[in-house]
Amino acid sequence: MKKLVILLLITSAFSCKNAQLAASKDNSDPTKYMKVITEKDLKTMLYVVASDEMEGRETGSKGQKKAGLYMIDQYKKNGISFPKGAKDYYQPIPAAFLNARRNENLPDSENIWAYIEGSEKPDEVLVISAHYDHVGIKNGDVYNGADDDGSGTVAVMEIAKAFAKAKKDGHGPKRSILFLHVTGEEHGLHGSRYYSENPLFPIANTITDINIDMIGRRDVEHAKSNNYVYVIGADRLSTDLHNAVVSQNEKYTKVDLDFKFNDPKDPNHFYERSDHYNFAKYGIPAVFFFNGVHEDYHGKGDEPQKIEYDALTKRAQLAFVVAWDLANRENRPVVDKPVK
């Protein structure tokens with residue numbers, strides 16, 4: 001009996017020690033994992049995603065589905081599974097939904113998702129999104145969409161790899177992260193709208209959407225330097241989210257944050273024109289990282305050889321360190337402004 005008591009005491013002490021060690025994991029500095037995101041890997045993946053073989057990734061097309069299979073293979077390679085509660089990496093979207101608002105005869109399509117479960121607050125979910133469709137083939141020319149949005153697509157994949165490496169090292173995110181590649185953006189934000197109306201995880205449990213759409217080039221306003229990114233929407237609903245973007249950039253990436261297009265009076269209305277908006281309209285804090293429009297926007301010249309991979313890397317790293325902060329901080333970003 002005495003030996004049994006001693007054994008129980010030892011086991012209890014060992015369990016407590018393990019719990020204390022787990023609780024004391026220091027996730028304050030993302031520098032090591034930020035460096036997992038590299039120019040080489042982004043370039044390698046983008047030359048596949050934005051290749052002629054993918055036929056311009058038109059919504060629901062054979063080429064888009066082929067790109068999706070490549071993306072899923074990369075997630076599997078990095079040990080990143082599909083979300084719990086899902087049967088695979090796909091969220092199917094029926095053609096009836098895609099064509100309901102304006103019938104463009106789109107076929108069935110699918111969002112693609114991957115997932116890393118949080119270690120302490122798994123029910124709270126951070127979404128990192130990008131659209132992986134583009135505009136297909138026009139007059140025999142393949143519109144490869146390397147910047148729009150091949151750049152965001154590969155950035156999300158690299159960010160996921162960095163979080164997977166952190167988890168393997170015992171520094172996994174405290175909140176869960178959903179890596180969401182949406183379809184149908186070019187036809188009206190359909191994929192993100194479908195997810196927001198049919199979420200795998202409750203919208204109320206979604207703490208933020210970090211949306212990445214075009215981060216591989218520069219616009220004419222920044223002809224002298226690519227060390228910038230437009231930040232759109234971060235402060236529309238949450239001062240906390242805006243502060244997180246600013247502070248993480250000051251600490252780690254030191255990119256010039258340009259808020260020009262964040263002005264509610266901006267005539268371009270970029271805030272309403274990418275997938276984060278389908279989260280924001282439900283009161284979910286959202287931030288959109290964007291390099292601005294260039295001469296090849298929606299043109300056949302949007303090719304991977306024109307991507308500035310140093311800029312793509314740094315902007316992806318910025319999105320990562322913001323995600324790291326949000327996934328590991330004590331409290332989720334507070335919504336302190338009204339939904340408009």
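Partners of E124 according to the side chain to side chain donor-acceptor pair (under 3.5 Å) rule, which considers only residues two or more places apart in sequence or in another chain, are R175. Shown here are the side chain to side chain donor-acceptor pair (under 3.5 Å) partners of K281, two or more places apart in sequence or in another chain: N278.
Contact check on R57 versus E55 returns no salt bridge, with no Lys/Arg side-chain nitrogen under 4.0 Å from an Asp/Glu carboxylate oxygen. Salt bridge status for K300 with D141: present, with a side-chain N to carboxylate O gap under 4.0 Å. Under the 4.0 Å criterion applied to side-chain N and carboxylate O atoms, K161 and D41 are assigned as salt-bridge partners. Using a 4.0 Å cut-off between charged nitrogen and carboxylate oxygen, D296 and K306 count as a salt-bridge pair. A salt bridge is defined here as a Lys NZ or Arg NE, NH1 or NH2 lying under 4.0 Å from an Asp or Glu carboxylate O, and K66 with E53 meets this definition.
Within 6.0 Å of atom NZ in K62, 12 or fewer heavy atoms from other residues, nucleotides or ligands are found, so the atom counts as exposed in its surroundings. Counting heavy atoms of neighbouring residues, nucleotides and ligands inside a 6.0 Å radius, atom NZ of K254 exceeds 12 of them. Counting non-hydrogen atoms of other residues, nucleotides and ligands closer than 6.0 Å to NZ of K121 gives a total above 12.
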Fill in: Steps toward side-chain contact (heavy atoms from CB on, under 4.5 Å) verdict (F289, N211)
CA-CA 6 Å; F289 292 118; N211 186 49; over 6 Å; no

Practice prompt. Determine, step by step, whether K314 and D310 satisfy the salt bridge (Lys or Arg N to Asp or Glu O under 4.0 Å) criterion, reporting the C-alpha distance in whole Å, the side-chain angles of both residues, the deciding distance to 0.1 Å, and the verdict.
Written response: CA-CA 6 Å; K314 204 165 188 181; D310 57 339; over 6 Å; no

Practice prompt. For the pair H294 and D147, evaluate side-chain hydrogen bond (donor to acceptor under 3.5 Å, both in side chains) and give the outcome as yes or no after the intermediate values.
Written response: CA-CA 10 Å; H294 46 73; D147 194 27; 2.8 Å; yes

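For F259 and H242, the distance between ring centers is under 6.0 angstrom.
In this structure, L180 is not a member of the same hydrophobic cluster as L189, with clusters built from ILVMFWY side-chain heavy atoms closer than 4.5 Å.
Using cut-offs of 30° and 60° for the angle between ring planes, the F82 and Y89 rings count as perpendicular. Aromatic ring orientation, F290 versus Y230: tilted (interplanar angle from 30° to 60°).
R236 forms no cation-pi arrangement with F288, by the criterion of a distance under 6.0 Å to the ring centre and an angle within 45° of the ring axis.
Of the N and O atoms on the side chains of S129 and D209, at least one donor lies less than 3.5 Å from an acceptor on the other residue.
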